[in-house]
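This report refers to the structure that appears directly beneath it.
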Amino acid sequence: MNRFLLPLGAFLLLALFLALGLRLNPREVPSPLIDKPAPAFQASTLARPEATIKREDLLGKVWVLNVWASWCAACRDEHALLVDFSRRGVAPIYGLNYKDKREDGLGWLGRFGNPYTDTLFDPEGRIGIDYGVYGVPETFVIDKAGLIRYKHIGPVTPEVLRDKIEPLLRKLTNA
Amino acid sequence: MLERILHSLLAALLCLTLASAQATEAPVAATTEAPVVAANPEIEARMMVLAAELRCLVCQNQTIADSHAGLAEDLRQQIREMLAKGMSERQILDYMTERYGDFVLYRPPFKASTLLLWVGPGLLLLLALGTLWRVLRRRQAMAPEAFDPDTPDEDAAR
């Protein structure tokens with residue numbers, strides 16, 4: 001009996017591991033930045049080159065950082081959702097226009113709507129590297145103390161927004 | 001007929017030499033692709049050694065040295081500038097790990113979360129050797145008749 005149970009058990013274990021492996025998304029690499037201070041930045045804004053925003057300006061409020069670019073097709077998928085989210089005023093969204101041209105970025109916002117309180121302009125992707133960005137769009141939640149509390153890679157879906165991001169934002173705002 | 005075979009053989013040989021010549025040239029071409037800030041061969045060489053240790057997160061089975069992805073080019077440039085500023089290899093690897101996690105390292109550090117990764121293969125080998133040893137011991141204890149090919153074994157009898 002044992003000589004059948006053992007291989008069968010081994011097979012079932014292997015099948016279980018393979019099934020678990022199939023459900024993982026290899027593109028989602030857990031960020032080491034979670035619960036760490038958001039990296040410092042100082043960037044000119046997309047709309048006004050002479051105006052700058054830095055990390056310290058946003059301390060004391062809970063905010064969302066959304067990395068996007070006009071060349072990024074997946075950014076368009078989440079955009080309507082972000083526009084709708086910004087209208088509800090749960091928390092401000094700041095954009096990070098990543099490796100883009102100023103006129104392309106502004107044109108894109110003109111066409112699809114602008115959910116951003118302001119947009120940081122990062123033409124060389126330097127801020128992106130500091131935030132560990134590797135797949136646009138990416139979305140971060142940053143708390144009052146300037147700590148990164150959540151990161152979502154890829155387009156934000158209604159489920160992620162409803163079940164993860166919004167409850168977290170409410171919790172952090174009331175904290 | 002013989003001549004045609006000879007021809008195609010020659011053509012194949014030519015293709016092979018061309019392909020290998022290209023292959024040896026390729027790495028050089030890749031390094032010159034990103035804008036070179038430090039036209040310094042020493043920094044370039046050190047950068048390539050480091051870049052070969054780092055995983056490109058956009059195309060995960062390639063190193064930053066191999067990849068043509070925009071992010072890989074940016075990171076190569078970042079490494080060049082950091083080396084030019086006098087940062088050490090260790091500092092640069094730490095900088096990358098702080099941002100992208102252990103996953104960027106092609107040789108992840110040995111720690112609790114990577115324990116299975118490092119000792120897993122050895123463990124499997126030990127398990128296999130142990131099983132082999134047990135099976136051999138059992139067969140050693142069996143009577144010589146058990147190995148007689150003429151006697152149907154219990155599997156076949158069923």
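So that the names make sense, note that chain A is the first sequence line, chain B the second, and so on, each numbered from 1. As the structure is a prediction and not an experimental result, all values here were calculated from the model.
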Of the backbone (N, CA, C, O) and the side chain (C-beta and beyond), which part of Lys99(A) lies under 4.5 Å from a heavy atom of chain B, both, or neither?
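The side chain, not the backbone.
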
Please tabulate, for the side chains in residues 88-96 of chain A, all donor-acceptor contacts under 3.5 angstrom to protein atoms that are two or more places apart in sequence or on a different chain.
{"unit_1": "Arg88(A)", "atom_1": "NH1", "unit_2": "Glu166(A)", "atom_2": "OE1", "d": "3.2"}
{"unit_1": "Arg88(A)", "atom_1": "NH1", "unit_2": "Glu166(A)", "atom_2": "OE2", "d": "2.8"}
{"unit_1": "Arg88(A)", "atom_1": "NH2", "unit_2": "Glu166(A)", "atom_2": "OE2", "d": "3.1"}
{"unit_1": "Tyr94(A)", "atom_1": "OH", "unit_2": "Lys61(A)", "atom_2": "NZ", "d": "3.1"}

Enumerate, atom names and distances included, each donor-acceptor pair closer than 3.5 Å involving a side-chain atom of residues 116-139 of chain B, sequence neighbours excluded.
{"unit_1": "Trp118(B)", "atom_1": "NE1", "unit_2": "Pro108(B)", "atom_2": "O", "d": "3.2"}
{"unit_1": "Thr131(B)", "atom_1": "OG1", "unit_2": "Leu127(B)", "atom_2": "O", "d": "2.7"}

What I want to check is whether the side chains of Glu81(B) and Gln77(B) have a donor and an acceptor closer together than 3.5 Å.
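The answer is yes; a qualifying pair exists.
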
Check whether the SG atoms of Cys72(A) and Cys75(A) are less than 2.5 Å apart, and answer yes or no.
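In this structure, Cys72(A) and Cys75(A) share a disulfide.
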
Under 4.5 Å heavy-atom distance to chain A, tell me which part of Tyr100(B) shows up: side chain, backbone, both or neither.
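Both backbone and side chain.
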
Which bit of Gln60(B) comes within less than 4.5 Å of chain A, counting heavy atoms only: side chain, backbone, both or neither?
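Side chain only.
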
Side chain to side chain, [X] and [Y], heavy atoms closer than 4.5 Å:
X: Asp102(B); Y: Pro109(B); result: yes
X: Asp130(A); Y: Arg126(A); result: no
X: Trp108(A); Y: Asp100(A); result: no

Please rank Leu71(B), Leu75(B), Val104(B), Asp74(B) by heavy-atom pairs under 4.5 Å with chain A and give me the top one.
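The candidate making the most pairs under 4.5 Å is Asp74(B).
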
Write out, in numerical order, the residues from residues 132-145 of chain A with a heavy atom short of 4.5 Å from a heavy atom in chain B.
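Interface residues of residues 132-145 of chain A: Gly132(A), Val133(A), Tyr134(A).
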
Given a cutoff of under 4.5 Å between side-chain heavy atoms of I, L, V, M, F, W and Y, with clusters grown through shared members, what are the other residues clustered with Phe11(A)?
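ILVMFWY cluster around Phe11(A) also holds Leu8(A), Leu12(A).
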
